[in-house]
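Just the heavy atoms: all of them, side chains too, but no hydrogens, waters or symmetry mates, feed the values below. Counting starts at 1 for both ligands and their atoms, in listed order. We number each residue from 1, following the sequence as shown.
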Amino acid sequence: MTQAVKKAVFPVAGYGTRFLPVTKAYPKEMLPIIDKPLIQFAAEEAISAGCTELIFVTSHAKKAIEDHFDRNIALEQHLLQRHEFGLVKTINDITPANVTCVYIRQPQQLGLGNAVACARNLIKDEPFAVILADDLIRSNNGCCLADMVAHYQQTGHSVLAVEQVAKEDVSNYGVVEYEDTAKGYIKNIVEKPEVENAPSNYAAVGRYVLSPKVFEFLDQQVEIESGKEQQLTDALAKLLATDKIFAMELNGLRYDCGKKTGYLKAIIDCAMQEPAYREVILSAMENTPCT
Ligand code: G1P
């Protein structure tokens with residue numbers, strides 16, 4: 001057995017330009033699926049996979065994330081006076097008592113690799129998860145991250161979640177090349193390849209369980225000095241020279257909430273699961289002429 005995966009990193013420093021104007025002063029990770037923000041779904045996934053330290057790599061204009069995971073005593077008292085005990089529980093359950101939240105700044109937008117490198121001193125030599133809250137995952141069979149953590153703990157090898165995407169979309173993702181046709185371990189990963197150069201259509205989605213060895217290939221200082229972005233994918237490709245990496249196919253539905261269309265689909269799909277909302281959507285559709 002290897003070391004337990006207790007820490008999860010959430011890179012949340014991005015500007016969210018695709019959602020302007022709402023993201024001018026508001027974190028894109030706080031966009032709600034009806035009443036729950038994307039970042040809370042991500043945190044719940046980490047907690048149900050056994051993580052107890054949530055590390056948010058943040059930037060200015062992200063204070064709402066810190067407030068969301070903190071207690072709000074005035075609101076609690078207000079709700080208690082009105083006997084709204086269910087709501088008190090709802091807000092207090094966001095951060096269970098055994099979970100700690102830590103915030104660290106990413107001073108410049110220098111890529112996902114750089115965001116992860118910012119958390120290095122907090123992670124030290126432990127394995128850790130990375131969760132991109134933009135990728136909302138509804139797993140068919142338990143939690144996607146929990147399966148990845150279990151695999152790491154059995155093997156000590158880094159794990160990333162992959163999903164087959166349409167060929168024309170490969171250039172939006174890190175794309176893996178499997179070692180052989182029996183899917184599992186990979187021999188390469190390329191960040192956003194041209195369609196004609198992509199090694200496959202298996203794309204990395206926003207879930208990683210990583211060995212701390214990856215830090216050997218992420219140097220925050222070098223990036224700050226050069227001002228160049230550093231991709232996590234490139235560090236993983238270098239790690240492959242000395243360590244194995246497993247690509248686990250996603251068993252569930254992923255919504256790319258970094259795009260307006262993916263975000264809208266996530267809201268509609270989630271609402272359709274709730275009988276009360278389902279009726280509202282179906283009736284709104286009936287009354288909306290398609291022009
Ligand atoms: C990032 C990663 C990419 C990965 C993707 C998953 O890209 O760099 O390798 O496939 O997340 O969502 P981004 O979407 O931040 O451009």
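Residue-to-ligand polar distances keep N172 apart from ligand 1: every N/O pair is separated by 3.5 Å or more. At a 3.5 angstrom cut-off on N or O pairs, Y173 does not count as close to ligand 1. Considering backbone and side-chain N/O atoms, T233 comes within less than 3.5 Å of an N/O atom of ligand 1. Backbone and side-chain nitrogen or oxygen atoms of G174 are examined, and one is located within less than 3.5 angstrom of a nitrogen or oxygen of ligand 1.
Each of F215, Y208, F10, Y152 was scored for a ring-ring contact (aromatic ring centres under 6.0 Å, His included) with F128, with one residue passing: F215.
D135 OD2, 2.8 Å is the protein heavy atom nearest to atom 12 (O) of ligand 1. For atom 10 (O) of ligand 1, the closest heavy atom belonging to the protein is A204 O, 2.6 Å. Closest to atom 7 (O) of ligand 1, if we only count protein heavy atoms, is K192 NZ, 3.4 Å. Counting protein heavy atoms only, atom 8 (O) of ligand 1 is closest to E191 OE2, 2.7 Å.
Taking every heavy atom of Q231 and a limit of under 4.0 angstrom, the matching atoms of ligand 1 come to 8 (O).
When atom types are taken as modelled, the side chain of K7 and the backbone of C51 share no donor-acceptor pair closer than 3.5 angstrom.
No hydrogens or angles considered: a donor-acceptor pair under 3.5 Å links the side chains of Y255 and D269.
Contact check on E45 versus R207 returns a salt bridge, with a Lys/Arg side-chain nitrogen under 4.0 Å from an Asp/Glu carboxylate oxygen.
Proximity of Q153 to V149: side-chain heavy atoms (C-beta onward) are separated by under 4.5 Å at one or more points.
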TODO: Applying salt bridge (Lys or Arg N to Asp or Glu O under 4.0 Å), run through E179 and K244 and close with a yes or a no.
DONE: CA-CA 10 Å; E179 231 168 46; K244 288 185 165 203; 5.1 Å; no
- [ ] Mind running ring pair (Phe, Tyr, Trp, His ring centres under 6.0 Å) on Y202 and Y178 for me, showing each step along the way?
- [x] CA-CA 9 Å; Y202 283 93; Y178 278 107; 5.3 Å; yes
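The side-chain hydrogen bond (donor to acceptor under 3.5 Å, both in side chains) test applied to K260 returns no partner, not counting sequence neighbours.
Less than 4.0 angstrom separates atom 15 (O) of ligand 1 from none of the non-hydrogen atoms of the protein.
Contacts between L132 and ligand 1 below 4.0 angstrom, taking non-hydrogen atoms only, involve the side chain exclusively.
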